Number of protein chains: 2
Amino acid sequence: MNVVNDSPRRQELIRVAAHLFVQEGFDRTTVRMLAQEMGIKSGSLFHHFRDKQAILCAVIEEGTHNALAIAHEALAQCDNDAEMRLHAMARAHLQTLLTDRNAHVVALYEWRRLDGDSRDHLSHLRDAYEQLWQEVIGEALEAGLIRGDKFLVSRFVLGALNWTVRWYDPDGVHSPEALAGELIDMLGAPVKTPA
Amino acid sequence: MNVVNDSPRRQELIRVAAHLFVQEGFDRTTVRMLAQEMGIKSGSLFHHFRDKQAILCAVIEEGTHNALAIAHEALAQCDNDAEMRLHAMARAHLQTLLTDRNAHVVALYEWRRLDGDSRDHLSHLRDAYEQLWQEVIGEALEAGLIRGDKFLVSRFVLGALNWTVRWYDPDGVHSPEALAGELIDMLGAPVKTPA
DNA sequence: CATTTACACTAGCGCTTGCTTGGTTAGCCT
DNA sequence: AGGCTAACCAAGCAAGCGCTAGTGTAAATG
């Protein structure tokens, strides 16, 4: 629930939990499994987290937080060129999926297992990220790089990108950069590499 | 597990189960909840299904089966015009999401809860559907309607379409037809209404 | 030195889970 | 009428669940 808690031990536990949640799903992952994977006994787990839900919340928070940070950083290096910014966002998105894959898969698939409070808290982070996309898409529309309705295009693009966790192989032929380029090329904008 | 089992009672149970699986998730849905919603006692459930997994399998099989049928039917009315066929596929996809929404949401979100055997069985259905998309996308590429790599475009498009279950409101301003048009318009092909 | 803090342990409570068992009922076929 | 079967029920088992209570211990803090 804490917005910031940098205890390195805790972050390690969150990483382990994310991995298990992806492998087994949240509900099938028992506190005993989590504890074993963390190298402690199940009772000790509740020293670090109030309850099982809090672990899920922490995993998703971490992932979304990182995604936002990476996106902001990528945009900051883009002057104000709409096309560069569009590419930067797509690249940033695929890059986070690579580095924080587990957390993002959990966010996508286990969102509904969050209780009301956690969901409210995390909704703000998620909305901020989606709004960032809408801004960039809006700029691209104004610049004539792509066409369509701002909100529809945003959702279509986010859908296409999020779906990649189903099939994308980081060790395969496509780098995240190349993939981002292919996506935007498909939408009508010519491909450009970043500065 | 049966490829065909038309017992009307069973199909009713599958519909009820799909609804509950969407609302609660597969793991949180207990056999007692299922039974109550079906108007029977929990023990009686196992007269209709071998185990809980078999219910999940039946739900997903139904949905995918219907999606394939609708897609084939839509394509059959398209002569051989690549653009019409592309539109037809997109429309068919969104239409199934509307009529069989629960089953498809389950297929998307609870796929990983299937055991090995069920997964093998259902993979064939799913692959057949995805291959249909690849064919239609391939034709559209050859006709110059869209651009990019056949497999990448297929996956991007499927991602965009599947993501709609997260935000699409059937009672909202967009009809499935309109939405399909918007998507394809975004990709570069001009919008056309069907015959 | 005494005290607090962080982290871990053992043991187990109270409850729910998927599923089984053995038996009953109502409708259909001959 | 008699037999068959699909559909259902009551009762409960064995296992597993999240979580708590109480304790131990080593390092940090006064």
Side-chain angles (χ1 to χ4, degrees), chain A residues 1-2 4-60 106 110-119, chain B residues 1-2 4-60 106 110-119:
Chain A
M1 198 62 86
N2 292 335
V4 177
N5 185 333
D6 281 347
S7 152
R9 179 84 179 118
R10 186 180 155 102
Q11 279 209 309
E12 165 69 6
L13 299 185
I14 290 174
R15 236 204 62 246
V16 171
H19 179 238
L20 259 179
F21 287 163
V22 168
Q23 204 164 40
E24 301 286 331
F26 176 71
D27 291 318
R28 291 179 109 89
T29 303
T30 70
V31 292
R32 287 167 178 83
M33 291 164 68
L34 285 164
Q36 183 166 34
E37 205 78 2
M38 293 166 175
I40 57 180
K41 300 294 178 186
S42 72
S44 314
L45 223 166
F46 296 90
H47 171 72
H48 300 279
F49 302 94
R50 189 160 35 78
D51 54 20
K52 196 187 167 192
Q53 276 268 342
I55 309 177
L56 177 60
C57 188
V59 167
I60 297 181
V106 171
E110 312 288 351
W111 183 268
R112 345 179 84 249
R113 274 71 189 175
L114 290 167
D115 61 29
D117 291 341
S118 307
R119 194 150 31 198
Chain B
M1 200 61 84
N2 292 334
V4 178
N5 185 334
D6 282 347
S7 152
R9 180 82 179 120
R10 185 180 155 104
Q11 277 210 310
E12 165 70 6
L13 299 185
I14 291 174
R15 237 203 62 246
V16 171
H19 179 236
L20 258 179
F21 286 163
V22 169
Q23 204 165 39
E24 302 286 331
F26 176 70
D27 291 318
R28 290 179 109 88
T29 303
T30 69
V31 292
R32 287 167 178 82
M33 291 165 67
L34 285 164
Q36 182 166 33
E37 205 77 3
M38 293 165 175
I40 58 179
K41 299 296 177 185
S42 72
S44 314
L45 225 166
F46 296 90
H47 171 72
H48 299 280
F49 302 94
R50 189 160 37 79
D51 54 19
K52 196 187 167 192
Q53 276 267 344
I55 311 178
L56 177 61
C57 187
V59 167
I60 297 181
V106 171
E110 313 288 352
W111 182 268
R112 342 178 88 250
R113 274 72 191 174
L114 290 168
D115 60 27
D117 291 341
S118 307
R119 190 142 44 189

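Keep in mind that this is a model prediction, so the values were computed, not measured. Each chain gets a letter, A, B and so on, in the order the sequences are listed, and its residues count up from 1.
In this structure the side chain of V106(A) never reaches within 4.5 angstrom of the side chain of W111(A), judged on heavy atoms. Side-chain contact between V22(A) and R112(B) is present, with at least one heavy-atom pair separated by less than 4.5 Å. The side-chain heavy atoms of Q11(A) and R15(A), taken from C-beta on, include no pair separated by under 4.5 Å. With a 4.5 Å cut-off on side-chain heavy atoms, F21(B) and I55(B) count as touching.
In this model, the phosphate group of dG18(C) is not approached by any side-chain N or O of R50(B) to a distance below 4.0 Å at OP1 or OP2. Distances shorter than 4.0 Å separate some side-chain N or O of K52(A) from OP1 or OP2 on dG18(D). Applying the 4.0 Å criterion to OP1 and OP2 of dC9(C), one finds that H47(A) has every side-chain N and O outside that range. The side chain of R28(A) contributes no N or O atom lying less than 4.0 Å from OP1 or OP2 of dC17(D).
We find that CZ of R10(A) is positioned 11 Å from P of dC7(C), with the value rounded to whole Å. Between R9(B) atom CZ and dC8(D) atom C1' there is a gap of 10 Å when expressed in whole angstrom units. Following rounding to the nearest Å, F49(A) (CZ) and dG18(D) (P) show an atom-to-atom distance of 15 Å.
In this structure, the nucleotide among dC19(C), dG18(D), dC8(D) sitting nearest to the side chain of F46(A) is dG18(D).
The residue among L13(B) and T30(A) whose nearest nucleotide of DNA chain D is located toward the 5' end is L13(B). Ranked by how close their nearest DNA chain C nucleotide is to the 5' end, S44(B) and H48(A) are led by H48(A).
The base of dG18(C) sits with one of its N or O atoms less than 3.5 Å from a complementary donor or acceptor on the side chain of R32(B).
Nucleic acid contact for K41(B): sugar-phosphate only, since backbone atoms but no base atoms lie under 4.0 Å from a heavy atom of the residue.
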